[in-house]
> 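The structure that follows is given in the form of structure tokens.
Please read these numbers as outputs of a predicted model, since none were measured by experiment. Naming convention: chains lettered A, B, ... in sequence-line order (proteins, then strands); numbering from 1 in each chain.
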Amino acid sequence: MPLTTTFEANRLLLEGSLALSEIEGVGVRVDREYVKKTIEDVGHTIRALHADMQKDPVFARMRRRFGDKTKLSSADQVAKLVFEDLGYTPVVMTEGGESEDPNERRGRASASAKALEHVDIPFVKNYLLAQKYTKLVTTYLGNIMQEMVQHADGDWYVHPSYNLNTVVTFRSSCNNPNYQNIYKRDPAFAAIMRKAYRSRREFQLGECDYSSAEVKVAANYTLDPTAMREAMDPKADPHREAACKLLHLRPEQVNKYIRNTVKAAWVFAQFYGDYYLSCARNIWFQLQSPNAVVEGATDAAGKPLHVLEHLKAKGIKELGDCDPEQRPRPGTFEAHAQQVEEWYWGVKYPIHTQWKRDWYNEYLRRGGFMMKTGFAVNGVYKRNEVINSPIQGSSFHCLLKAMIRIVKLFKKYKFKSRVIGEVHDSLNLDIHPSERDDVINLCRDSMTTWLVKQWPWLVVPPQVEPECCPVDGSWYDLAALKEQDGIWVPADADKWAAKYGDWSLQS
DNA sequence: TGAACGAGCCC
DNA sequence: GTACGCGCTCGTTCA
């Protein structure tokens, strides 16, 4: 018997569609003049980079090979140039098309940023930068120009469309324009793009994010006691702990760069089913950075002690061969990562590990699985999909369920404030300053206290981190808030004051 | 003109 | 024995 989606789950999607269509109607204000100006500026930058490339001796070789067809934006040509003509050794290959013969390789050497990262010549650096700026103009800025419309108030808005029927894990997706993939991690590009999205006039953009949404939901599935404790204890720092194990450091020796590297390349990667070999390779690669130093330690010359030097002293002198066919050699980082992996799943999170086995075996037996939010998933899925999709899906459903209530209550209370968007585990708002505390409390309580009452399976309680920008600010100006004597104020008061003046001005 | 592919951004 | 997953949008290439 195939598993059946519950009535409740169906109703969640129906009501979710209604709430999302209201949000689509509201739209997000954009700064049309800024976008136009930025497209011009970035255009100059791209032309300058292309001019530099054409002066480069390497360009002459490109001309010899491709003649009139030479194109500075062709990944195919750059890959051939670098890895065939210039003789660099390819380390990343492309997928290539379908093939009857599994032994046949159809891919070519990749021209991605990762594949070209170690090709240290100006021509390639300029190529990568030009490509990145091109993407910025054609996709991100271009989409705003294509999609924006003028409202009766004279300002310009985009109205992203949200879908609940396109994703196999029962998450949402977003298009025309996609509001869910705007630069965030690259500071320079995040600044350029996020300044284009503005609050309505006399409003403040706001955001209510679930903190570590998927980690907490995962703990609700596995009930691993260590994971549950870490998810509930604000002082727990599993990323730092993993960094200590992996790099033979004491907690106070872990700087921000190291912690972030381990968080992304070890904790999350392992959590999503990656394994020691690719983790070791990625971390080793990140450790080449000059930022990878041991906090508070210096080398013989009095300079900050690099983590690679520190590891050498601990007997780890090289990455290792990273050959899936061979056992890792002792004394390599690869071998060390394998040992840490055994500790991680065998000792630190044994219940989580057991849950993965049980959950997958149960899927194999029944041919499907049920999400805690009532969605039935029947069909053929890979092991990691079976383990990850209920966690991803359920995390989004927490936001969706709360969002439905929030949209209804905003209407009921006749708030001027509006929900303007959603990014899987965060809610985006235009907040009228006069309603600010009420709006944030309503969102926070709906996403936490109220939700837990609806879904008692949330034994690890969700948490919300509100942010907002100054009146008439942009998405780039978001700053974290904290609750103080019943009202919401900037978490870092000094930083806020230095940038935007006194908080009392935001009214 | 359309499909396939490669590339890069988000959670 | 494993080899994170899910999306959207664009430019290039080729039929």
> Using atom CD of Gln146(A) as one end and atom P of dG11(C) as the other, report the distance to the nearest whole Å.
9 Å

> Test of understanding: with salt bridge (charged side-chain N to carboxylate O under 4.0 Å, His left out), list the residues that count as partners of Asp430(A), not counting sequence neighbours.
Arg200(A)

> Roughly how far, to the nearest 0.5 Å, is CD1 of Ile420(A) from CG of Leu429(A)?
7.0 Å

> State which of dC10(C), dT13(C), dC9(B) makes the closest approach to the side chain of Tyr183(A).
dC9(B)

> In residues 111-126 of chain A, which ones come under 4.0 Å of DNA chain B, going by heavy atoms?
Ala111(A), Ser112(A), Ala113(A)

> Which nucleotide, dC6(C), dT13(C), dG5(C), lies nearest any side-chain atom of Lys382(A)?
dG5(C)

> Per the atom types in the model, does the base of dC9(B) pair as donor or acceptor with the side chain of Asn181(A) at under 3.5 Å?
yes

> Between P on dG11(C) and NE2 on His50(A), what's the gap in Å once rounded to a whole number?
13 Å

> Assess whether one donor atom and one acceptor atom, taken from the side chain of Lys135(A) and the base of dT9(C), lie less than 3.5 Å apart.
yes

> I'd like to know if the side chain of Glu334(A) reaches the main chain of Cys322(A), judged simply by a donor and an acceptor atom lying under 3.5 Å from each other, with no hydrogens or angles considered.
yes

> What parts of residues 359-379 of chain A reach DNA chain C, counting only heavy atoms under 4.0 Å away?
none

> Whole-Å distance between dC9(B) C1' and Asn178(A) CG?
9 Å

> With no angle test and no hydrogens, is the base of dG5(C) tied to the side chain of Gln392(A) by a donor-acceptor pair under 3.5 Å?
yes

> Hey, can you pull the donor-acceptor pairs under 3.5 Å for the side chains in residues 258-269 of chain A, sequence neighbours left out?
| unit_1 | atom_1 | unit_2 | atom_2 | d |
| --- | --- | --- | --- | --- |
| Arg259(A) | NE | Asp237(A) | OD1 | 3.1 |
| Arg259(A) | NE | Asp237(A) | OD2 | 3.2 |
| Arg259(A) | NH2 | Asp237(A) | OD1 | 3.1 |
| Thr261(A) | OG1 | Tyr257(A) | O | 2.9 |

> What integer distance in Å separates Tyr276(A):OH from dA3(C):C1'?
11 Å

> Using atom NZ of Lys184(A) as one end and atom P of dG7(C) as the other, report the distance to the nearest whole Å.
21 Å

> Would you list the atom pairs, donor with acceptor, under 3.5 Å between side chains in residues 9-16 of chain A and any protein atom, with sequence neighbours excluded?
| unit_1 | atom_1 | unit_2 | atom_2 | d |
| --- | --- | --- | --- | --- |
| Asn10(A) | ND2 | Thr6(A) | O | 3.3 |

> Is a donor-acceptor contact shorter than 3.5 angstrom present between the side chain of Arg171(A) and the base of dC11(B)?
yes

> Given that both pair distances must be under 3.5 Å and the pair must be Watson-Crick or G-U, what runs of three or more consecutive pairs involve DNA chain C?
B:1-9 with C:7-15

> Using whole Å, report how far OH of Tyr179(A) lies from P of dT9(C).
16 Å

> Can a side chain N or O of Asn176(A) be found less than 4.0 Å away from OP1 or OP2 on dT9(C)?
yes

> State, with a plain yes or no, whether a side-chain heavy atom of Asn428(A) is found less than 4.5 Å away from one of Trp475(A).
yes

> To the nearest 0.5 angstrom, please state how far the CD atom of Glu207(A) sits from the CG atom of Leu481(A).
11.0 Å

